[in-house]
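Structure record follows, encoded as structure tokens.
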There are 2 protein chains.
Amino acid sequence: MHFANYVEERGRPLSLGRGEHLFRQGDTSGSVYVLREGLLKAYYLSDDGRENIKSFIQPGELIASLAAVYTGEDCSFGVVCLEPSLIVELDFDALLAETRRDLVLAAEMLEHLLDFSMKKERREREFLTDSAETRYRVLMGRSPELFDQVTQKDIARYLGITPVALSRIRKRSAES
Amino acid sequence: MHFANYVEERGRPLSLGRGEHLFRQGDTSGSVYVLREGLLKAYYLSDDGRENIKSFIQPGELIASLAAVYTGEDCSFGVVCLEPSLIVELDFDALLAETRRDLVLAAEMLEHLLDFSMKKERREREFLTDSAETRYRVLMGRSPELFDQVTQKDIARYLGITPVALSRIRKRSAES
DNA sequence: CATTGGCGTTAACCCGGGTTAATGCGTCCT
DNA sequence: AGGACGCATTAACCCGGGTTAACGCCAATG
């Protein structure tokens, strides 16, 4: 069975309004979510209340706390809705069990994971090798839509800097 | 078939001495490598010659440039041997083809990829939320062996800072 | 044995980003 | 309309890490 069909058959549709949470950091969760429409934000909350953004989730993408669904830990991050969203919820254990019976599904899950891994590798690389300013320019080039969809504050927290620092970077690049 | 058996049957053994490369940044590569024994270092080289370390590979771990083997791009990083190593080389396309026929192998590949993804997520998170000093302390707690195996320079480049900065951090934590 | 070269440490100086705070601007609420 | 709130900008100050360079040490090499 193809993943799309599996989602169709076994998924539970969900609809979230701006500001509502799909799950929160510290929750337990056994679900994987597919975003159909809207926009989500995955973020870490540190002890002192600071927010760092792990990723923005666009329609068509999957989101789950791997540590939570796969090893049973608490969610290491939360997911909140930035724009009214349509989401489909899947039970991870059932999905994993199905991949053990279905070659087509297993192959597609492998593809998804490979894509996911490559994205994570790219982001890891950017943090390791690029300055904040470079990361900003790369992001602008790759996902200009983001700048219309989310606040500059969230962009900054995604880049790993403060809103103040991002404002300075923008000023610098506007001048040059 | 189990992955271990597949490696046994289809893998080509390789042996590398200190300083030899498994592959270099910019190479094309269609292989996945399993480290049997020894120690490898995966690193990015920036235009100005600066080296940033993506990861150290310990016995039992897999290494490949996903972008290279999966999408056919050039390797975005290189892998060099830090200690005399025994390695087994696998053809990625053949492995992927086999997972499309073999449920057991597919399931095991999924597990490997899930583990890999979780590692990448953790490192991404550390860069996003922790200071260099915290990253150093976490690494010391998690992998103390590393400090005997590799130079302080390489540890620093893995943490995303310069050797000078790491030396200062160590001095600070020794004083306190 | 002397030389070379890489590593770790330390110091001095610089710079980018963090912090705090003030200001101005929209948006939402009543 | 009037407040209240959050966001973006800007300034002033601080601090951690980058850069450069000097020094001592050790291992490899002639």
Side-chain angles (χ1 to χ4, degrees), chain A residues 17-20 39 41 43-53 56 80-84 126-140 144 146-176, chain B residues 17-20 39 41 43-53 56 80-84 126-140 144 146-176:
Chain A
R18 242 184 278 271
E20 289 188 283
L39 181 64
K41 159 174 104 172
Y43 66 102
Y44 299 109
L45 218 46
S46 31
D47 308 329
D48 56 1
R50 199 178 296 352
E51 178 178 319
N52 287 98
I53 296 181
F56 300 103
V80 67
C81 183
L82 294 184
E83 282 175 23
E126 286 170 352
F127 274 117
L128 189 57
T129 67
D130 298 344
S131 68
E133 181 157 356
T134 303
R135 293 202 299 278
Y136 167 71
R137 274 189 278 106
V138 169
L139 183 64
M140 274 201 67
L146 263 189
F147 290 77
D148 307 324
Q149 299 179 314
V150 311
T151 62
Q152 205 164 301
K153 177 172 168 283
D154 278 350
I155 302 267
R157 291 309 184 186
Y158 175 76
L159 293 171
I161 59 179
T162 60
V164 179
L166 179 54
S167 181
R168 284 192 289 235
I169 288 174
R170 281 165 54 82
K171 194 185 178 192
R172 283 205 299 269
S173 43
E175 279 166 356
S176 65
Chain B
R18 241 183 278 271
E20 289 188 282
L39 181 65
K41 160 173 104 172
Y43 66 102
Y44 299 109
L45 219 46
S46 30
D47 307 330
D48 57 0
R50 200 179 296 347
E51 178 178 320
N52 287 96
I53 296 181
F56 300 104
V80 67
C81 183
L82 294 184
E83 282 174 23
E126 287 170 352
F127 275 118
L128 189 58
T129 67
D130 298 344
S131 67
E133 181 158 355
T134 303
R135 294 202 299 277
Y136 168 70
R137 275 189 279 105
V138 168
L139 183 64
M140 272 202 67
L146 262 190
F147 291 77
D148 307 325
Q149 297 180 314
V150 312
T151 63
Q152 204 163 302
K153 176 170 168 286
D154 278 350
I155 301 268
R157 291 310 184 186
Y158 175 76
L159 292 172
I161 58 179
T162 59
V164 179
L166 179 54
S167 182
R168 283 191 291 236
I169 288 174
R170 283 164 55 81
K171 194 185 178 194
R172 282 205 298 270
S173 43
E175 279 166 358
S176 62

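Note on naming: letters A, B, ... go to the chains in the order of the sequence lines (proteins, then strands), and numbering restarts at 1 for each one.
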Open item on the list: Return whichever of A:Ile161 or B:Asp154 has its heavy-atom-nearest nucleotide of DNA chain C closer to the 5' end.
Closed with: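 Closer to the 5' end of DNA chain C: B:Asp154.
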
TODO: Give me the ring orientation class for B:Phe147 and B:Tyr136: parallel if the planes are under 30° apart, tilted from 30 to 60°, perpendicular past 60°.
DONE: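 If you compare the ring of B:Phe147 with that of B:Tyr136, the planes turn out perpendicular.
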
Between [options], which nucleotide has the shortest distance from any of its atoms to the side chain of [X]?
X        : options                : result
A:Ala132 : C:dG17, C:dT19, C:dA11 : C:dG17
B:Ala165 : D:dG17, C:dG17, C:dT9  : D:dG17
B:Thr162 : D:dT9, C:dT19, D:dG18  : D:dG18
A:Arg170 : D:dG17, C:dG17, D:dT9  : D:dT9
A:Val164 : D:dA11, C:dC7, D:dG18  : D:dA11

In whole angstrom, what separates [X]'s [atom1] from [N]'s [atom2]?
X        : N      : atom1 : atom2 : answer
A:Tyr136 : D:dA8  : OH    : P     : 12 Å
A:Lys153 : C:dT27 : NZ    : P     : 18 Å
A:Asp130 : C:dG16 : CG    : P     : 16 Å
A:Glu133 : D:dG18 : CD    : C1'   : 16 Å
A:Phe127 : D:dG17 : CZ    : P     : 16 Å
A:Leu166 : D:dA8  : CG    : P     : 9 Å
A:Glu51  : D:dC7  : CD    : P     : 10 Å
B:Arg157 : D:dG17 : CZ    : P     : 14 Å

Task: Non-hydrogen side-chain atoms of A:Lys41 and A:Val150 separated by less than 4.5 Å - done: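 The answer is no; the side chains never approach within 4.5 Å.
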
Open item on the list: Is it the case that the side chain of B:Asn52 and the backbone of A:Leu128 share a donor-acceptor pair, with hydrogens and angles ignored and the cut-off at 3.5 Å?
Closed with: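 Yes: the side chain of B:Asn52 pairs with the backbone of A:Leu128.
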
Open item on the list: Between B:Ser167 and B:Pro163 (side chain of the first, backbone of the second, donor and acceptor by atom type, cut-off under 3.5 Å), is there such a pair?
Closed with: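 Here the side-chain-to-backbone pair does not exist.
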
TODO: Please state whether the base of C:dG18 and the side chain of A:Arg168 form at least one donor-acceptor pair under 3.5 Å?
DONE: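 A donor-acceptor contact between them is present.
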
- [ ] Answer with base, sugar-phosphate or nothing: what part of the nucleic acid does B:Ser167 contact at a heavy-atom distance below 4.0 Å?
- [x]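 Base contact - B:Ser167 has a heavy atom under 4.0 Å of at least one base atom.
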
Open item on the list: Does C:dT10 have OP1 or OP2 under 4.0 Å away from a side-chain N or O of B:Arg172?
Closed with: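 So the side-chain polar atoms of B:Arg172 never come under 4.0 Å of the phosphate oxygens OP1 or OP2 of C:dT10.
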
- [ ] Answer yes or no: does a side-chain N or O of B:Lys171 lie under 4.0 Å from OP1 or OP2 of C:dA11?
- [x]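 Result: yes.
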
Open item on the list: Checking A:Val80 against A:Arg18 for the side chain to side chain contact (heavy atoms under 4.5 Å, CB included) test, could you report, in this order, the C-alpha distance in whole Å, the side-chain angles of both residues, the deciding distance, and whether it holds?
Closed with: CA-CA 8 Å; A:Val80 67; A:Arg18 242 184 278 271; over 6 Å; no

